[in-house]
Student: 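Before we start, here is the structure in question, set down as structure tokens.
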Protein chains: 2
Amino acid sequence: MNLYSFILRKDDTSLQKNKSEKYNKILNSAGAVFAEYGFYKATISQIAAQAGVADGTLYLYFKNKDDILYQFISFKTNVVFKEMHAAVKKGRNAEEKLRYLIRCHLTEFQNDRNMAIIFQSEVRYLRDIESQIKDISKMYLGLLSDIIEQGQIEGSMRQDLFIGLVKRFILGAVEGVISTWVSADGRYDLVSMADPLVDLYLTGLKG
Amino acid sequence: MNLYSFILRKDDTSLQKNKSEKYNKILNSAGAVFAEYGFYKATISQIAAQAGVADGTLYLYFKNKDDILYQFISFKTNVVFKEMHAAVKKGRNAEEKLRYLIRCHLTEFQNDRNMAIIFQSEVRYLRDIESQIKDISKMYLGLLSDIIEQGQIEGSMRQDLFIGLVKRFILGAVEGVISTWVSADGRYDLVSMADPLVDLYLTGLKG
DNA sequence: TTAAAGAATGAATTTATATTCATGATACTT
DNA sequence: AAGTATCATGAATATAAATTCATTCTTTAA
């Protein structure tokens with residue numbers, strides 16, 4: 001059902017390394033092509049060409065075109081999941097945790113622009129993928145809830161916050177910043193926005 | 001080039017009212033179908049059925065499928081444009097202007113959920129539409145810049161704000177809130193989020 | 001009342017591309 | 001080295017849906 005079971009289904013042999021390589025090649029090529037043209041305008045032939053294999057070969061590794069996008073998002077989601085959890089753990093108090101989370105978020109997306117584009121724009125399509133995305137989003141919002149509650153206990157954040165709104169507010173603003181960076185073809189350093197952004201969260205426009 | 005010239009091209013007769021009605025019917029139906037299925041999965045036949053006309057009829061009013069989406073976005077953009085400008089004018093100081101703008105934004109999107117969905121998810125598509133969207137986005141960011149600068153002059157907002165970031169921060173957060181509301185099938189009142197949201201902008205999490 | 005113009009229809013056509021599968025290549029085993 | 005199994009190929013097929021256009025219906029005006 002997930003990425004790992006998929007790989008094992010076909011690669012549980014001594015050939016594992018080779019097949020894995022081709023699988024990854026296709027997945028990366030798909031990421032590039034989807035990011036450039038969008039899922040629907042991207043064609044199997046384009047992806048195959050980019051990966052240097054025949055069209056039919058994609059169907060040895062993926063069920064169909066939808067499945068390629070699904071696998072891509074599953075894989076990236078898992079990776080980012082782990083990084084973010086680790087990042088939050090490093091923080092010793094709520095403010096630090098928030099800072100690490102935002103920094104991690106921006107770092108991951110800056111390092112994988114195709115992923116950034118795909119997460120941002122192909123989110124809405126397949127039902128499966130939609131719930132996949134909702135999962136990552138839920139996880140993220142869960143992390144934020146914990147941080148805010150901790151901040152309230154610590155006394156570093158106000159008690160009257162409507163957490164449901166605050167979570168969205170924080171996530172929306174990061175995504176907005178990423179979105180702009182993508183539109184600007186990634187021509188500036190995204191990660192350097194992290195601290196100013198967190199300052200805005202914490203102290204607002206009035207200061 | 002814009003909606004008005006398009007209408008005039010075909011409706012500059014005494015029949016204007018009737019034709020306009022059919023044009024609008026198709027446009028609204030298209031909005032509903034695009035919102036439900038997404039641009040690519042939506043079919044001409046679905047839109048035609050929804051509008052109660054034959055497939056071929058769509059081609060009397062629109063150049064092709066892309067054009068339908070383009071016209072839809074042009075039209076909605078113009079409407080929202082005007083409302084937002086008017087809203088900002090009502091405010092007597094920066095804080096009030098911001099409040100009116102956000103309230104207007106949420107009101108417009110709450111009142112037209114199809115538009116909200118389409119703006120949120122079909123944005124990335126045609127080159128033309130992309131620039132169309134960039135225009136509305138630019139306009140919005142321009143309004144925000146003005147408000148922030150005014151706030152700085154008035155002394156109600158801090159001097160050390162990085163305006164380029166703040167604009168994105170504000171827009172991203174509203175969009176995030178709208179996005180959640182759409183995902184929740186519009187089951188709660190979006191406009192009531194406006195004031196808590198603006199409070200977050202202004203005073204932040206620390207308060 | 002009827003003929004001409006305009007509008008609408010929807011079946012037929014066109015196009016595009018995802019997917020299949022017969023064939024050929026490659027690697028592994030004994 | 002021959003045989004077997006696995007993997008890769010890409011031309012052929014299937015399918016879906018956008019678009020066209022000959023025909024029919026409706027309105028207008030003399």
Side-chain angles (χ1 to χ4, degrees), chain A residues 6-31 33-34 36-72 122 125-126 128-129, chain B residues 6-30 32-34 36-72 122 125-126 128-129:
Chain A
F6 180 86
I7 289 177
L8 291 175
R9 186 166 85 234
K10 296 216 160 193
D11 291 353
D12 199 9
T13 72
S14 58
L15 281 181
Q16 182 160 10
K17 222 170 296 174
N18 289 329
K19 289 193 194 170
S20 226
E21 268 164 32
K22 195 154 282 190
Y23 172 88
N24 286 321
K25 188 114 202 253
I26 293 170
L27 210 58
N28 281 328
S29 304
V33 176
F34 288 157
E36 179 163 4
Y37 298 98
F39 178 76
Y40 283 99
K41 281 197 187 151
T43 71
I44 292 291
S45 296
Q46 282 176 306
I47 297 168
Q50 176 100 357
V53 299
D55 292 12
T57 304
L58 301 215
Y59 292 87
L60 301 175
Y61 294 90
F62 300 90
K63 218 167 63 209
N64 51 37
K65 190 183 172 188
D66 287 4
D67 189 44
I68 301 175
L69 180 56
Y70 177 78
Q71 300 283 337
F72 182 89
E122 308 301 346
Y125 286 122
L126 308 167
D128 281 345
I129 283 182
Chain B
F6 180 86
I7 289 177
L8 291 175
R9 184 165 88 234
K10 296 215 159 192
D11 292 353
D12 199 9
T13 73
S14 56
L15 283 180
Q16 182 160 9
K17 221 170 295 172
N18 290 329
K19 289 194 197 170
S20 227
E21 268 164 33
K22 193 153 283 189
Y23 172 88
N24 285 322
K25 188 113 202 254
I26 294 171
L27 210 58
N28 281 328
S29 304
V33 175
F34 288 157
E36 180 165 3
Y37 298 99
F39 179 77
Y40 284 101
K41 284 196 185 152
T43 71
I44 292 290
S45 296
Q46 282 177 305
I47 296 168
Q50 176 99 357
V53 298
D55 293 12
T57 304
L58 300 215
Y59 292 87
L60 300 175
Y61 294 89
F62 300 90
K63 218 168 62 209
N64 52 36
K65 191 183 173 187
D66 287 4
D67 189 44
I68 301 176
L69 180 56
Y70 177 79
Q71 298 284 337
F72 183 89
E122 309 300 346
Y125 176 43
L126 308 167
D128 281 345
I129 284 182

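Chain identifiers are assigned alphabetically (A, B, ...) following the order of the sequence lines, protein sequences preceding nucleic acid strands; residue numbering begins at 1 within each chain.
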Student: To the nearest angstrom, how far is B:L58 atom CG from C:dA7 atom P?
Tutor: 16 Å

Student: Between atom OG1 of B:T57 and atom NZ of B:K25, what is the distance when rounded to the nearest 0.5 Å?
Tutor: 12.0 Å

Student: Whole-Å distance between C:dA7 P and B:K25 NZ?
Tutor: 19 Å

Student: Taking atom CZ of B:F62 and atom CD1 of B:I47, what is their separation to the nearest 0.5 Å?
Tutor: 9.0 Å

Student: Between C1' on D:dT9 and CG on A:L60, what's the gap in Å once rounded to a whole number?
Tutor: 9 Å

Student: Hey, can you tell me if A:F34 and A:F39 have their rings parallel, tilted or perpendicular (30° and 60° cut-offs)?
Tutor: tilted

Student: Just verifying a value: how many Å separate B:L58 CG and B:K65 NZ, rounded to the nearest 0.5 Å?
Tutor: 11.0 Å

Student: Between A:K22 (side chain) and A:A51 (backbone), is there a donor-acceptor pair under 3.5 Å?
Tutor: no

Student: Can you check whether B:K22 has a side-chain N or O nearer than 4.0 Å to OP1 or OP2 of C:dA8?
Tutor: yes

Student: Rounded off to whole Å, could you give me the OH-to-P distance for the A:Y23 and D:dA8 pair?
Tutor: 15 Å

Student: What does the inter-axis angle of the helix from C:dT1-D:dA30 to C:dT30-D:dA1 come out as, five pairs per end, nearest 10 degrees?
Tutor: 0°

Student: For A:L69 and C:dA18, give me the distance from atom CG to atom P, rounded to whole Å.
Tutor: 13 Å

Student: Would you call the rings of A:Y61 and A:Y23 parallel, tilted or perpendicular, taking 30° and 60° as the class edges?
Tutor: tilted

Student: With no hydrogens and no angle check, is any side-chain donor or acceptor of B:Q71 less than 3.5 Å from a backbone partner on B:I68?
Tutor: no

Student: When the distance from OH of A:Y61 to C1' of D:dT9 is rounded to whole Å, what number comes out?
Tutor: 13 Å

Student: Anything under 3.5 Å between a protein N or O and an N or O of nucleotides 15-18 of chain D, put it in a table, one pair a line.
Tutor:
{"residue": "D:dA18", "atom": "OP1", "partner": "B:A42", "partner atom": "O", "Å": "3.4"}
{"residue": "D:dA18", "atom": "OP1", "partner": "B:K65", "partner atom": "NZ", "Å": "3.1"}
{"residue": "D:dA18", "atom": "OP2", "partner": "B:I44", "partner atom": "N", "Å": "2.8"}

Student: Residues from residues 46-55 of chain A sitting under 4.0 Å of DNA chain D, heavy atoms only?
Tutor: A:V53, A:A54

Student: Run the side chain to side chain contact (heavy atoms under 4.5 Å, CB included) check on A:Y59 and A:I44 step by step: do they pass?
Tutor: CA-CA 10 Å; A:Y59 292 87; A:I44 292 291; 3.7 Å; yes

Student: Applying side chain to side chain contact (heavy atoms under 4.5 Å, CB included), can you list everything that pairs with B:Q50, at least two apart in sequence or on another chain?
Tutor: B:S29, B:A32, B:V33

Student: Is there a side chain to side chain contact (heavy atoms under 4.5 Å, CB included) between B:Y40 and A:K41 once you walk through the steps?
Tutor: CA-CA 10 Å; B:Y40 284 101; A:K41 281 197 187 151; 3.5 Å; yes

